[in-house]
2 protein chains.
Amino acid sequence: MNRATIYSIAQELGISASTVSRAFTRPDLVRESVREQVLQTARRLGYQPNRSARGLATGRTGLVGVLVPDITNPFFPPLVRAIEQQAATHDSDVLLVDSGVNGTAESVLIGRLLSQVDGLILASPRARSATLKQAIAGTPTVVVNRAVQGLPTVVCDNTAALQQAGQHLVDAGHRRVALLCGPASAWAANRRARAVRTWASGADVELVEFGPLEAQFEDGQRAAEDVVASGATAVLAFDDLMACGVLAGLAELGRSVPGELSVVGCDDVLLARTLTPQLTTVTAPIEELGRRAVEVLGKVVDGEPVANVSLTGTLTLRGTTAPAL
Amino acid sequence: MNRATIYSIAQELGISASTVSRAFTRPDLVRESVREQVLQTARRLGYQPNRSARGLATGRTGLVGVLVPDITNPFFPPLVRAIEQQAATHDSDVLLVDSGVNGTAESVLIGRLLSQVDGLILASPRARSATLKQAIAGTPTVVVNRAVQGLPTVVCDNTAALQQAGQHLVDAGHRRVALLCGPASAWAANRRARAVRTWASGADVELVEFGPLEAQFEDGQRAAEDVVASGATAVLAFDDLMACGVLAGLAELGRSVPGELSVVGCDDVLLARTLTPQLTTVTAPIEELGRRAVEVLGKVVDGEPVANVSLTGTLTLRGTTAPAL
DNA sequence: CCCCGATGTGCATCCGATTGCACCGCGTGT
DNA sequence: ACACGCGGTGCAATCGGATGCACATCGGGG
């Protein structure tokens, strides 16, 4: 299928290729009637501009690289979709790469993306800050769900919501609360843990910590046993997936939720609502995070000044929390 | 950040750019010692070949376009990841586009992808066959989870497994089984429904059909009421997400699973194992589908002959099925 | 000692689109 | 009538890498 080029269109109309090019990229420079003809012929021939050629000439590829640690974690699909849709409004497409939860591959993958994207969105990256900054080598980059000194950042601050969640548990009579910490290399995990610890130190409650655990179902499931052994009557899990694992683990152990134990998740992914009972959790504006990330990235690419974005999560009470016995 | 090019490397070493280029793409044509120097200098300067330039010269972009109807449906993330990992072995990256469950956008999105990819993988596309074939305009394409006459196809045949599932229900004493059909425009939905109907017509069972429904949690949830009203004691859902919705709906109505009703899903996505009790379902080799799709696509791109791939799903008995009362 | 093939390199061209610059023709002001 | 401005247009260079072809170099065989 030898595709139409600006040259074939130009030849067809007896004009120069420059004019054809301009008819698309700088329509104001081309006489109305000519432009019409060009567009019409282009449509007839099924012309699609060659992105490689354009990229070579302009230095822009129209691609945004998106790096996620684990696309099967239900937090990321809505994020990716929001990014993709927002990018589409900038005529850009998404190059998706999954680094695996192990952060060591990130640098390599970032390197592979660098040469072919206008900018990068790093979602919950695990590598060390210095490593990241070295890897991106000056490419416009926005970090989502993590703060990296010196890089534009779009995060969701769950501190207040988590503390409300804790308070909600205390108000319900829970005096021994388990905290399931997320991956040590995950910024959000540390941040959430700190929020909870801060709250606990000032509340009438005993905090029992477990982890760090991976943000996976199985890790939560395995942790259930320890939670039960600890005598805690409530659980604050790093995220919904882990919370979901705990629920499953508790069920295996014959413990009822929210009857015997209460469980709180974080993020409010699809999973949280598919459970029965539905999961009490901290709702993050996931789509908004994605959109804002693209917005900020656009500014970085254009060399405009940018400010970090911090959205806030809100506590959503559902069915997995109840008064302690 | 003015990046290194083959010219800057060539200049540094006092050789021609062609040699540098060949050191990467045709290493056998370059003297060992020279190649060493080139690679070393390239590393030192942080050289990354410019994909646009390479693409322009070779006509290959190193990109695979992947179109999914809904990345938040847990079926697709593992598929996408498998595709991405397999593509990486071919030095290719994934351009991800989400069409939304409404198939009308597919053509437009395919058009956007065409000009920048070496090949397309269409996962569960919804548009009509003729529309699809017109939209891809000769670009190497593989269709996953659907058969399209004239296009290479990678599917999972669940017929036998679904019929086993049905038999499993009948053996457990169920005589009235609800079938929740998937989206009318989804090939897999029709195929699965047909498999079940065929089985039912030869079995001692009454089949009650509902739908078509979207492959979403909420649709399943809403359907629960009808299912209960129908007096069915077992449900075969189009996919796990829908099954999960039914479970939630049934719980709301105070019906216990598997005590009062049995539920069977399809695909065995992460969701199926996070439920309590875990979902009895038909396990699809999702990652394998992705890998095979890339494999086949590679052959199409290289002009080699290809055969359609049909994998098979297997019945996985878990906790949502039990003898009828 | 010369010729030959094999092996390495360089030169020039090409891929398709963008873009700075020159130019053309027309209308306007003087 | 002339210069000027300006909207439109074409020419040619450019982006970075790939590649066909010519040529240089070297060793070995006759």
Side-chain angles (χ1 to χ4, degrees), chain A residues 1-39 41-42 45-63 91-92 111-112 114-118 137 139, chain B residues 1-39 41-42 45-63 91-92 112 114-118 139:
Chain A
M1 197 69 33
N2 27 357
R3 266 211 290 277
T5 69
I6 55 170
Y7 296 98
S8 51
I9 295 176
Q11 193 168 18
E12 187 113 351
L13 293 173
I15 60 180
S16 93
S18 327
T19 304
V20 177
S21 171
R22 278 190 278 253
F24 292 107
T25 53
R26 307 287 314 274
D28 51 308
L29 294 183
V30 177
R31 198 180 353 143
E32 171 85 29
S33 64
V34 175
R35 192 190 338 144
E36 289 284 290
Q37 288 190 352
V38 171
L39 296 183
T41 311
L45 300 181
Y47 169 76
Q48 291 282 136
N50 180 316
R51 293 272 202 150
S52 293
R54 174 177 287 177
L56 184 55
T58 60
R60 294 262 181 112
T61 58
L63 297 179
D91 263 320
S92 289
R112 253 192 27 204
L114 279 191
S115 56
Q116 40 189 343
V117 302
D118 296 333
T139 300
Chain B
M1 197 70 33
N2 27 358
R3 264 212 292 277
T5 69
I6 54 170
Y7 295 98
S8 52
I9 294 176
Q11 192 169 20
E12 186 113 350
L13 293 172
I15 60 181
S16 92
S18 329
T19 303
V20 177
S21 171
R22 279 191 277 254
F24 293 107
T25 54
R26 306 288 313 274
D28 51 308
L29 294 182
V30 176
R31 195 174 4 137
E32 171 85 29
S33 64
V34 175
R35 192 190 337 144
E36 289 283 291
Q37 287 191 351
V38 171
L39 296 183
T41 310
L45 300 182
Y47 168 75
Q48 291 282 135
N50 180 316
R51 294 274 201 147
S52 293
R54 175 177 288 177
L56 183 54
T58 61
R60 295 263 181 111
T61 58
L63 297 179
D91 263 319
S92 288
R112 252 191 30 205
L114 279 190
S115 57
Q116 41 189 343
V117 302
D118 295 334
T139 301

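Lettering of chains follows the sequences in order, A, B, ..., and the numbering in each one begins at 1.
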For this session: Check every strand shown and say whether A:Val20 touches a base, only sugar-phosphate, or nothing at a heavy-atom separation below 4.0 Å.
Result: nothing
Seminar exercise, completed: Residue set satisfying side chain to side chain contact (heavy atoms under 4.5 Å, CB included) with B:Ala57, at least two apart, ordered chain then number -> none
Kindly compute the distance separating [atom1] ([X]) from [atom2] ([Y]), expressed to the nearest 0.5 Å.
X	Y	atom1	atom2	answer
A:Thr5	A:Asn50	OG1	CG	9.5 Å
B:Thr58	B:Arg51	OG1	CZ	10.0 Å
B:Thr19	B:Leu13	OG1	CG	10.0 Å

Problem set entry | Side-chain donor or acceptor of A:Ser8 paired with backbone N/O of A:Ala4 under 3.5 Å | no
Exercise. Any sub-3.5 Å donor-acceptor pair from B:Thr61's side-chain atoms to B:Gln116's backbone N or O?
Worked result: yes
Can you pull every protein N or O that's under 3.5 Å from an N or O on nucleotides 12-16 of chain C?
{"unit_1": "C:dC15", "atom_1": "O2", "unit_2": "B:Ala57", "atom_2": "N", "d": "3.4"}
{"unit_1": "C:dG16", "atom_1": "N2", "unit_2": "A:Ala53", "atom_2": "O", "d": "3.2"}

Exercise. Over its full length, what angle do the end axes of the helix from C:dC1-D:dG30 to C:dT30-D:dA1 make, each axis taken from five pairs and the result rounded to 10 degrees?
Worked result: 60°
Seminar exercise, completed: In the 5' to 3' direction, the nucleotides of DNA chain D bounding the stretch that comes under 4.0 Å of a heavy atom in chain A are D:dG8 to D:dG16
Exercise. Are OP1 or OP2 of C:dT18 and a side-chain N or O of A:Ser21 less than 4.0 angstrom apart?
Worked result: yes
For this session: Go through residues 22-29 of chain B and report each residue with a non-hydrogen atom lying under 4.0 Å from DNA chain C, sorted by number.
Result: B:Arg22, B:Asp28, B:Leu29
Exercise. Side-chain contact, heavy-atom cut-off 4.5 Å: A:Ile9 with A:Leu45?
Worked result: yes
Exercise. Is there a side-chain contact between B:Tyr7 and B:Val20 (heavy atoms, below 4.5 Å)?
Worked result: no
List in chain and number order the residues that pass side chain to side chain donor-acceptor pair (under 3.5 Å) with [X], two or more places apart in sequence or in another chain; answer none if no residue qualifies.
X	answer
B:Ser92	none
A:Thr41	none
B:Arg112	A:Asp93
B:Glu12	B:Arg44

Side-chain atoms of residues 25-39 of chain B: list all donor-acceptor pairs with protein atoms under 3.5 Å, sequence neighbours left out, distances to 0.1 Å.
{"unit_1": "B:Thr25", "atom_1": "OG1", "unit_2": "B:Ser21", "atom_2": "O", "d": "3.1"}
{"unit_1": "B:Arg35", "atom_1": "NE", "unit_2": "B:Pro27", "atom_2": "O", "d": "3.4"}

